[in-house]
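Read the structure below first, then the notes.
Worth saying up front: this structure is predicted, and the values here are computed from it rather than measured. For the numbers below, each heavy atom of this structure counts, side chains included, while hydrogens, waters and symmetry mates do not.
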Amino acid sequence: MAGNFYSVRCSDCENEQTVFGKASTEVACAVCGTTLARPAGGKAEIDHEILETVESR
């Protein structure tokens, strides 16, 4: 599996969540439901603050 996992902070509720960098579906915040990432033909578009790379492959 090639891709990175990122720790992302939701700008609406400050929840921190792990997101796959090549997500093929929309990823919603587990607390408030805001869209954190959208698929964009390969890499996901992450619209919120990326805190760190959790795991790099």
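Residue pairs meeting the side chain to side chain donor-acceptor pair (under 3.5 Å) criterion with at least one partner in residues 24-34, sequence neighbours excluded, are Asp12-Thr34.
For the atom pair CD of Glu49 and SG of Cys10, the computed distance is 11.0 Å after rounding to the nearest 0.5 Å. Distance check, rounded to the nearest 0.5 Å: CG of Asn4 to CD of Glu52 gives 12.0 Å. For the atom pair OH of Tyr6 and CD1 of Ile50, the computed distance is 6.5 Å after rounding to the nearest 0.5 Å.
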For this session: Output, in order, the C-alpha distance, side-chain angles, deciding distance and verdict of side chain to side chain contact (heavy atoms under 4.5 Å, CB included) for Asp47 and Arg38.
Result: CA-CA 8 Å; Asp47 298 330; Arg38 294 185 315 274; 2.3 Å; yes

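For Val54 against Ser7, the heavy-atom pair with the smallest separation is CG2-N, 3.6 Å. Here the closest heavy-atom approach between residue Ala23 and residue Ala44 is recorded as N-CB, 3.8 Å. Looking at every heavy atom in both residues, Val19 comes nearest to Ala37 through CG1-CB, 3.9 Å. Summarising the geometry of Ala30 relative to Gln17, their closest heavy-atom pair is N-OE1, 2.9 Å, with the distance given to 0.1 Å.
At distances below 3.5 Å, at least one donor-acceptor pair connects side-chain atoms of His48 with backbone N or O atoms of Ser11.
When the salt bridge (charged side-chain N to carboxylate O under 4.0 Å, His left out) test is applied to Glu14, the partners found at least two apart in sequence or on another chain are Arg9.
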